[in-house]
Trainee: 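Before we start, here is the structure in question, set down as structure tokens.
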Amino acid sequence: MNLTANGGDFTDATRPIGVFDSGIGGLTVAAALRELLPAERIFYVGDTARVPYGGKSAATIERYSFEISRMLLEEGAKLIVVACNTASALAVAALEAQLDVPVVGVIRPGAAAAVAATRTKRVGVIGTRATVQSRAYERAIHALDPSVQVDAQACPLLVPLIEEGWLEDPVTDDVIARYLDPMLRNGVDTLVLGCTHYPLLHAALERRAGSGVRLVDSARNCALEVRSVLTADGLAAPMDETGGMRVVLTDPSTGFLRVAESALGLDLGEISVRVAG
Ligand code: DGL
């Protein structure tokens, strides 16, 4: 299957950047794109009907990723950002092979940030079960520096706690301690927030990890990679364009949307709903 964006003219720089996540968490990446690339139009699809992806099989995650990418291409996306660690871990290679537009995931930018940050060459990675089982972060980190020791921990309870808005809560603090303490005892000096939701727990994670551990997430690094791909391919929107963001969800569930909107300081305006698949 080869998927092509509507219109076929990939040099049209005013087309939107298509961004998708399994749900709302990818707005952390969309916010970084808005900040770095204000002239760009962002078209964001959150697959809220089928979130979470993190406990699903690789085949299902890949199928969902193609279905949502098709929605983005129908809007004329000039580049696709996979703003979901789970989909990046399991589907980016297949998307890159089959789509006719550039694809940028969040794993490589996060890995690059971690390798740049670590002094002791001991890096912790937290993410969903699917992300951790895929070992995508280990591969991406070792491609940059094979001598870095990686401790990866699946944290399946964190996404539901975040979606409940329990960002500052003793229960969340206890869960974080249980997940992080073994890797902290192993001496990691850098912690990769390998899930788009986790930046919302930055304060609580930082409190547990302590000042000696640097927290890195992919959002800003992913936005930097998007900027360099757009520039290299002649796809960057002219500076005088008025950018913006449009959000489409596959289910009108809004509880977590409001949590994310207030935590990220985003005004998402009108949100529409479209069925995926
Ligand atoms: N967006 C997912 C990720 O970054 C987390 C939520 C899910 O499990 O779908 O891994």
Side-chain angles (χ1 to χ4, degrees), residues 18-33 44-69 72 80-92 95 103-111 113-114 124-138 140 152-167 172 175-176 179 191-202 205 215-223 247-251 253 255-257 259-260 263-264 276:
V19 180
F20 82 88
D21 177 37
S22 55
I24 307 295
L27 288 172
T28 53
V29 177
L33 286 166
Y44 180 97
V45 177
D47 196 6
T48 43
R50 303 186 294 198
V51 71
Y53 285 9
K56 298 199 165 72
S57 70
T60 298
I61 293 162
E62 190 177 306
R63 177 163 60 82
Y64 289 174
S65 299
F66 272 102
E67 287 169 1
I68 302 297
S69 295
L72 299 173
I80 289 180
V81 178
V82 185
C84 171
N85 285 263
T86 306
S88 292
L90 279 312
V92 156
L95 293 172
V103 177
V104 177
V106 285
I107 303 274
R108 200 173 44 215
V125 175
I126 53 174
T128 64
R129 259 201 192 103
T131 298
V132 168
Q133 280 169 3
S134 76
R135 302 179 67 85
Y137 269 105
E138 278 96 323
Q153 173 66 50
C155 305
L157 294 176
L158 293 186
V159 166
L161 289 167
I162 295 165
E163 297 208 343
E164 279 303 308
W166 292 20
L167 307 181
T172 307
V175 174
I176 287 174
Y179 285 141
L191 179 65
V192 180
L193 312 192
C195 170
T196 46
H197 282 54
Y198 299 169
L200 300 180
L201 278 185
H202 196 279
L205 290 164
L215 269 48
V216 302
D217 71 71
S218 322
R220 183 162 169 86
N221 288 282
C222 177
V247 177
V248 166
L249 302 178
T250 56
D251 181 272
S253 40
F256 178 50
L257 189 61
V259 172
L264 294 171

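Whatever order the structure lists ligands and atoms in, that order sets their numbers, starting from 1.
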Trainee: If we set the cut-off at 4.0 Å for heavy atoms, which region of T128 has an atom near ligand 1: side chain, backbone, both, or neither?
Mentor: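 For T128, only side-chain atoms sit under 4.0 Å from ligand 1.
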Trainee: Quick one: nearest non-hydrogen protein atom to atom 6 (C) of ligand 1, plus distance?
Mentor: S22 OG, 3.5 Å
Trainee: Has T172 got a side-chain atom pairing as donor or acceptor with W166's backbone, closer than 3.5 angstrom?
Mentor: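 Checking the backbone N and O of W166 against the side chain of T172, a donor-acceptor pair under 3.5 Å is found.
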Trainee: Check for a donor-acceptor pair, side chain of S22 on one end and backbone N or O of P52 on the other, with a separation under 3.5 Å.
Mentor: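 No; zero donor-acceptor contacts below 3.5 Å.
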Trainee: Heavy-atom distances under 4.0 Å decide this one: backbone, side chain, both or neither, for D21 against ligand 1?
Mentor: side chain
Trainee: Please determine whether side-chain contact (heavy atoms from CB on, under 4.5 Å) holds for the pair L167 and I162, giving the CA-CA distance in whole Å, both sets of side-chain angles, and the decisive distance to 0.1 Å.
Mentor: CA-CA 6 Å; L167 307 181; I162 295 165; 3.9 Å; yes
Trainee: What do we get for V51 next to ligand 1 when only non-hydrogen atoms under 4.0 Å count, side chain, backbone, both or neither?
Mentor: side chain
Trainee: Should you measure from each heavy atom of Y53, which atoms of ligand 1 turn up under 4.0 Å away?
Mentor: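 Near Y53, meaning under 4.0 Å from one of its heavy atoms, ligand 1 has 7 (C), 8 (O), 9 (O).
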Trainee: Find the distance between OH (Y53) and CG (D21) and round it off to the nearest 0.5 Å.
Mentor: 8.0 Å
Trainee: Measuring from non-hydrogen atoms of C195 to any atom of ligand 1, is the shortest distance under 4.0 Å?
Mentor: yes
Trainee: Identify, by atom number and element, the atoms of ligand 1 in contact range of G54, meaning under 4.0 Å from any of its heavy atoms.
Mentor: 7 (C), 8 (O), 9 (O)
Trainee: Does S88 use its side chain to pair, donor to acceptor, with the backbone of V106 at less than 3.5 Å?
Mentor: yes
Trainee: Can you list the ligand 1 atoms lying under 4.0 Å from a non-hydrogen atom of T196?
Mentor: 1 (N), 2 (C), 3 (C), 4 (O)
Trainee: Could you check whether any side-chain N or O of T28 sits under 3.5 Å from a backbone N or O of T196, counting only pairs where one atom can act as donor and the other as acceptor?
Mentor: yes
Trainee: Taking 4.0 angstrom as the limit and counting only heavy atoms of T86, give me the atoms of ligand 1 inside it, by number and element.
Mentor: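 That gives atoms 2 (C), 3 (C), 10 (O) of ligand 1.
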Trainee: Do any N or O atoms from the side chain of S134 and from the backbone of L90 form a donor-acceptor pair under 3.5 angstrom?
Mentor: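 No; judged by distance alone, with no hydrogens or angles, the pair does not exist.
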